[in-house]
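Report on the following structure.
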Amino acid sequence: DAGVTQSPTHLIKTRGQQVTLRCSPKSGHDTVSWYQQALGQGPQFIFQYYEEEERQRGNFPDRFSGHQFPNYSSELNVNALLLGDSALYLCASRPGRDREQYFGPGTRLTVT
Amino acid sequence: QKEVEQNSGPLSVPEGAIASLNCTYSDRGSQSFFWYRQYSGKSPELIMSIYSNGDKEDGRFTAQLNKASQYVSLLIRDSQPSDSATYLCAVNRVGDMRFGAGTRLTVKP
């Protein structure tokens, strides 16, 4: 049984560009959340998707948007990249909105 | 006040000792609580979940929850060098999960 998968593993972008990160949840999981983790910090909640809709959102600007597909996979889009967006982006999935959550390996984004 | 607070550490214990990690949270409506372990350069790995007051044991790990005090702790018995990592406390509220900044633990041989 595959766990949570994310792609790509690493990404280097230039300030002002746009990026799309992808996530496939663990089998049987229908809820996907995205987190941003800066070096030395805990994961910061970006948003959560359930039934193809954004259900909860953290304190992130509208430059951060997402989508969930009928197969529960998800995308995170970030527009107008800033240097401060450089971080590890984590996707996590769970079987329902209040159960245990499992993380993918993350995408390391570097903005230059 | 931060939603989830942890001692940043670093916490250093000798091999074989008990490591004690603490966490407090601000939202009294929080219903479920989790501990994750994160090795350097890796993603967080779930090691314990706890949903009701009291203790929950799993192998060398014991999670403790006191909702009245808004306090969660993790005890690691017989600490091993492989336990050296950052431990993240996570609190679930209204469907989303919030994390503390983590406590860095070093177990010295």
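Chain A is the first sequence line, chain B the second, and so forth, proteins listed ahead of strands; every chain is numbered from 1. Note: hydrogens, waters and symmetry copies are ignored here, and every other heavy atom, side chains too, is used.
Between chain A and the residues S49(B), G102(B), A90(B), S43(B), the most heavy-atom pairs under 4.5 angstrom are made by S43(B). For chain B, the option among G58(A), P105(A), G106(A) with the highest count of heavy-atom pairs below 4.5 Å is P105(A). Of the residues considered (Q44(A), Q37(A), E100(A), R108(A)), E100(A) shows the highest number of contacts with chain B, using heavy-atom pairs under 4.5 Å.
Between Y49(A) and F47(A), the ring planes are perpendicular. Angles over 60° get that label, and only those under 30° would be called parallel. Ring geometry for F33(B) against Y25(B) counts as tilted: the plane angle lies between 30° and 60°, on a 0 to 90° scale.
Of the atoms belonging to R99(A), heavy atoms from both backbone and side chain fall under 4.5 Å from chain B. Within the 4.5 angstrom heavy-atom criterion, only side-chain atoms of Q38(B), from C-beta onward, approach chain A.
In this structure, D96(B) pairs ionically with R98(B), as a charged nitrogen and a carboxylate oxygen lie closer than 4.0 Å. In summary, D85(A) and R15(A) do not engage in a salt bridge, as defined by a charged side-chain N under 4.0 Å from a carboxylate O.
A donor-acceptor pair shorter than 3.5 Å cannot be found between the side chains of T24(B) and E5(B).
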